[in-house]
Amino acid sequence: MPTLKLIKAPGMTGPGQTYQLSNNGHEMVMGREEVCQIVVPNHAVSRKHARIFHDHGHYYIEDLKSRNKTIVNNREITEPWLLKHEDRIKICDFQYLYQDDPKPVSTQPKIPVEFGRNLDPNDTHDSDAPSETSSIEHVLQAKGSEADLILGQPSDKLRALLDISVSLSKPADLESLLNAIADTSFGVFRQADRCFIIMAEDKRLVAKVTKTRRKADTDTASFSKTIVRKCMESQTAYLSEDASSDSAMGAAQSIAEFRIRSVMCVPLLGSDGTSIGAMQLDTQDRGKKFKQDDLKLLMIVANLAGVAIEKARLHESTLLREKLQNEIEIARKVQLDFLPREMPKIPGYEYFAAYSAAQTVGGDYYTFIELPDGRIAALLGDVAGKGVPAALLMAKLSAEARYCMLTQPDVPKAIQNLSDSLIRGGIGDRFVTMAAMVLNPKTHRVTIVNAGHLNPMRYRVGDRSLVEVISNEQSGLALGIVEGYPYELIEIDLQPGDTLLTFTDGVTDAMSPQDVMFNYDGITATISRGTPRGPLTRPKALGDQLFNAVRKHANGRPQNDDIAIVAFGRLGPDEDDPADTAPQPKYVAKS
């Protein structure tokens, strides 16, 4: 009895449930509703996602116009799919394995109706009939019985097959491998005038290798898309002694145009059973013909080639991934160079900063800028998005922000110039939120401009209060949205023991393993709780406490956004001045 077995699901540790499939005409619906015969408990799954039904001795799966589609063997299905033994069905994060009693394979292959009749040795029909010029072999059957296919092959072809097996087992890049496959095929099938290795790329058929006996014909040689498409779609091999008169192919213009006579075409299959390409060998001489033994041998070559091609692709992918990883690591180091390497040293004040990217590189940004008149600017920005695109925009932001703050003493005007510069520089559909806080250490006064960022907060040690120092109405638009937008400023005085705190939404949006957000409640609870030794009295202790609380809340769950925290404040009269031993920024590499 055919079964459907759950083999992969979120949080799954043991063996999954097995479902017996019905053959009494009743369908089995898969979906998240409890009324479904196979319940897939996930909000991303449609209420009724897909159905499995039995028809004329076969089982089919059909997608029920689901939101996130149904995938079989890594292919999205758009119509009923005939299920075969070991087919893998994927619905969102759930994967099932279809298993059936394997049926014995007939030693005499059968031909789909659309391809013509089988070359049965007992067939008594007229040998001149057009349909008898076709021969079909099921590639999957050939892969399961290569020993049977090898039997009866001449010794020279067996030696050639051994040479092919050895050559294809050696590591090689994909281009060299495909050329080696074509060269060895020419050596084995001496009647062939042309050899094509075709790969499927973005729903197009591309000849990756074209070999001809006469080099002058290489530039004009082309394969038959009619033959190749049918072989790949049906996953069957095709042989014709004269394709130009073969009724199985119909009146294909390409066959006549390219003067194709005898032709063999076999699909190249990936490890998941999907067609990744095809091999076509043909002749242009009526006197040169391929036989069924040639087709069997080519099928074995194709089976070996399919495995070798996947290995070569995997090798290239590994090399590319290593190269990309090295480049990203270099980018990470370059990005960290944009961030300050030490805190400002101002008598009577202490600064703190922490940064942790969700990916290897990120889009959060902060800096401290010493202005010509003795003021100190602290900027914290958050580029929309994360990863490499956000990191590149962050690099641009770093240079532009420093220039605008140093050339324009008026803080709102400097932030406006920064926004305009990003727009003129082609920021596209991205934007940047930013909080700018400029301290005058002589007057202990701070000028604050907020461009769409989370509002900065002030912490007072005396009553352990934590309040926003700027309202949503006073906060302006994010940078890069409207050119010439006027920003508003507010000014506050810092009393001894006061600390200004600002952070990116990676703090508030941090998720626990139970899908609970850290939120503002987590910030308030962390800071009001203080430490076992008493209340938080210094910016560094406050920043450290908050940063560690966010990581403890996540409890190993990967970050969903970059995290940056900046805090600075005025020390109390009894506190040691850290100006000569300013703390270093805290950088946390992606785990």
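Keep in mind that what you see is a predicted model, and the values were worked out from it rather than measured. When a residue number appears, it is its place in the shown sequence, counting from 1.
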Within the 3.5 Å criterion, strictly below it, is a donor on Ser421 or Glu400 matched to an acceptor on the partner's side chain? yes
Distance-only polar pair, side chains of Asp63 and Trp81, donor-acceptor under 3.5 Å: no
To the nearest 0.5 Å, what is the distance between CG on Leu494 and CG on Leu439? 6.5 Å
Is the distance between the ring centroids of Tyr485 and Tyr487 under 6.0 Å? yes
Strictly by modelled atom types, are Asp364 and Thr504 linked by a side-chain donor-acceptor pair under 3.5 Å? yes
Should Tyr365 and Leu339 count as side-chain neighbours, where that means a heavy-atom distance under 4.5 Å? yes
Are side-chain N/O atoms of Asp272 and Thr274 paired as donor and acceptor at under 3.5 Å? yes
side-chain contact (heavy atoms from CB on, under 4.5 Å) between Val446 and Asn440, worked out: CA-CA 6 Å; Val446 181; Asn440 186 334; over 6 Å; no
List in chain and number order the residues that pass salt bridge (charged side-chain N to carboxylate O under 4.0 Å, His left out) with Lys5, two or more places apart in sequence or in another chain; answer none if no residue qualifies. none
Could you check whether Phe368 and Tyr351 have their ring centres less than 6.0 Å apart? yes
Checking Ser471 against Gln474: is there a side-chain donor and acceptor pair closer than 3.5 Å? yes
Check the angle between the aromatic planes of Phe53 and Tyr60 and answer parallel, tilted or perpendicular using the 30° and 60° thresholds. parallel
Rounded distance (nearest 0.5 Å) linking atom CD1 of Ile369 with atom SG of Cys404: 9.5 Å
